[in-house]
Amino acid sequence: MMNCINHGSYLEIIPPEEFNFDECLAFLGRANHEILHQLKEGTLYKLLKVNDSLILFTIRNVNKRIKVEFPEGAPSSIEREKVGEYIWEWFDLGQDLDEFYQLASKDLVLKDVVQKYHGLRIIGIPDLFEALVWAVIGQQINLTFAYTLKKRFVEQFGKSITFEGEQYWVFPSFNTIANLTVEDLKKFQFSTRKAEYVIGIAQEMASGKLSKKLLIEKNDYDEVKKSLMSIRGIGAWTADYAIMNCLHVNTAFPIADVGLHNALKNVLGLENKPTIEEIEAYAVGWKGWQAYATYYLWRSLYD
DNA sequence: ATCCAGGAACTGT
DNA sequence: ACAGTTCATGGA
């Protein structure tokens, strides 16, 4: 299913028709505090851990294709393949958005945003630990501070390489975090709760009780959500956030999300943020595509 | 100062 | 099952 040509020194990914690389970059570029990727003049830089090696790659748009290069020299063929798979999943390129666009073009709430950001895809978080930790960090604090906490977390416990004077980071492994104490994280302004949640999730994954593979095997949205919510620190919002960003399930719907509420308020020109009941009413026509509806509405917050 | 932030657990009914 | 309270900290 992945449409990727391995040229040896570089990769060429052929995205599906409904894809706009610039829209995706616009979304990625919204977070100027982001530490896990960098955007320079239309080129995206990212460091990826493949087995035990750290691979730096760049991606940019060349003739409607995604060109992937390796500034430090091309890794092995298998590693290049892994990088291609990562990008394919990261940009959710396996998704056929036709049905969503059909549905959204007739929806009063979504009509304008899907037209405006056409070709945008859910730029996910393929790593389950990263997806869950990022969601927990973001719980009930402003995004600016959330990025600050994430930066400290990554710079303290992640790995990095330096290339042409810039440092590139990969997210910490759950094995590293599983061995920390709450105090280790409180030093970086994590609250006691957040520290407990993050370490608990790491331990759950280190023990093998929680993994992306196990969740995928459930192959059922409700089961996956229930399973995630049984973990301390993961409520409905965090579960849906991870399900939409990591497992690419389009029925995931973080309906309590404040960003979604603000987006709806703006898009609809409301006086106040809508209630959950009102959002449920707006969303009756989004069935099967709640995650994409949410994502496009999030995108509208960054204009 | 004051309100709130891409919530969740806990407590009491 | 449901509603109210507490947690924690920085941004605007």
Side-chain angles (χ1 to χ4, degrees), chain A residues 26-36 109 113 117 120 122-125 128 130-153 156 181-204 210 222 225-247 249 252-268 270-280 282-283 286 290-303:
Chain A
F27 199 101
L28 281 171
R30 79 198 186 282
N32 43 353
H33 297 86
E34 179 59 63
I35 189 168
L36 294 177
V109 179
V113 290
Y117 312 117
L120 171 68
I122 294 180
I123 301 157
I125 307 176
L128 178 65
E130 181 185 334
L132 290 172
V133 170
W134 174 232
V136 167
I137 285 176
Q139 288 169 3
Q140 189 59 15
I141 61 174
N142 65 75
L143 264 184
T144 308
F145 182 48
Y147 276 109
T148 302
L149 283 182
K150 173 174 158 181
K151 186 166 186 287
R152 290 175 186 161
F153 184 74
Q156 188 65 32
T181 66
V182 169
E183 293 305 317
D184 293 329
L185 288 179
K186 285 186 76 171
K187 281 182 235 160
F188 303 101
Q189 259 62 53
F190 279 64
S191 66
T192 307
R193 291 277 172 75
K194 274 195 207 308
E196 287 170 356
Y197 296 166
V198 165
I199 294 168
I201 290 167
Q203 289 172 345
E204 200 78 8
L210 172 65
D222 293 318
K225 186 167 175 178
K226 203 170 82 181
S227 162
L228 283 171
M229 286 181 65
S230 71
I231 298 164
R232 188 158 178 271
I234 301 180
W237 177 85
T238 303
D240 274 320
Y241 186 90
I243 291 169
M244 91 180 246
N245 283 294
C246 184
L247 301 178
V249 174
F253 191 22
I255 194 166
D257 182 80
V258 177
L260 174 66
H261 302 175
N262 287 328
L264 285 168
K265 176 169 174 278
N266 295 341
V267 166
L268 297 168
L270 304 174
E271 192 85 7
N272 296 302
K273 286 186 285 187
T275 65
I276 298 295
E277 291 73 22
E278 285 164 343
I279 298 170
E280 281 170 347
Y282 293 130
W286 307 351
Q290 293 91 334
Y292 261 91
T294 301
Y295 207 77
Y296 271 69
L297 286 165
W298 280 347
R299 170 64 183 86
S300 74
L301 293 168
Y302 299 105
D303 278 334

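Below, chain A is the first sequence line, B the second, and so on; all start at residue 1. Fair warning: this is a prediction, and the values are worked out from it, not measured in the lab.
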Can you tell me the distance, in whole Å, between the [atom1] atom of [X] and the [atom2] atom of [N]?
X         : N      : atom1 : atom2 : result
Leu132(A) : dA8(B) : CG    : C1'   : 14 Å
Lys194(A) : dA8(B) : NZ    : P     : 9 Å
His261(A) : dG7(B) : NE2   : C1'   : 11 Å
Tyr197(A) : dG7(B) : OH    : P     : 13 Å
Asn262(A) : dG6(B) : CG    : P     : 7 Å
Lys150(A) : dG6(B) : NZ    : P     : 15 Å

- Rounded to the nearest 0.5 angstrom, the CZ-CD distance for Phe153(A) and Glu130(A) is 10.0 Å
Classify [X] by what it touches in the nucleic acid, base, sugar-phosphate, or nothing, heavy-atom distance under 4.0 Å.
X         : result
Ile234(A) : sugar-phosphate
Arg30(A)  : base
Ile255(A) : nothing
Ala135(A) : nothing
Tyr302(A) : base

- Where each residue is assigned the nucleotide of DNA chain B containing its nearest heavy atom, which of Gly235(A) and Lys273(A) is assigned the position nearer the 5′ end? Lys273(A)
- Message: How would you summarise protein contacts on nucleotides 6-12 of chain C per nucleotide, using B for base, S for sugar-phosphate only and - for none, with heavy-atom distances below 4.0 Å?
- Response: -BBSBS-
- Verify whether the ring centers belonging to Tyr117(A) and Phe27(A) lie closer than 6.0 Å. no
- Task: Name the orientation class of the two ring planes belonging to Tyr241(A) and Trp298(A) (parallel below 30°, tilted from 30 to 60°, perpendicular beyond 60°).
- Result: tilted
- Message: Less than 4.5 Å apart, side chain to side chain, heavy atoms only: is that true for Thr238(A) and Gln139(A)?
- Response: yes
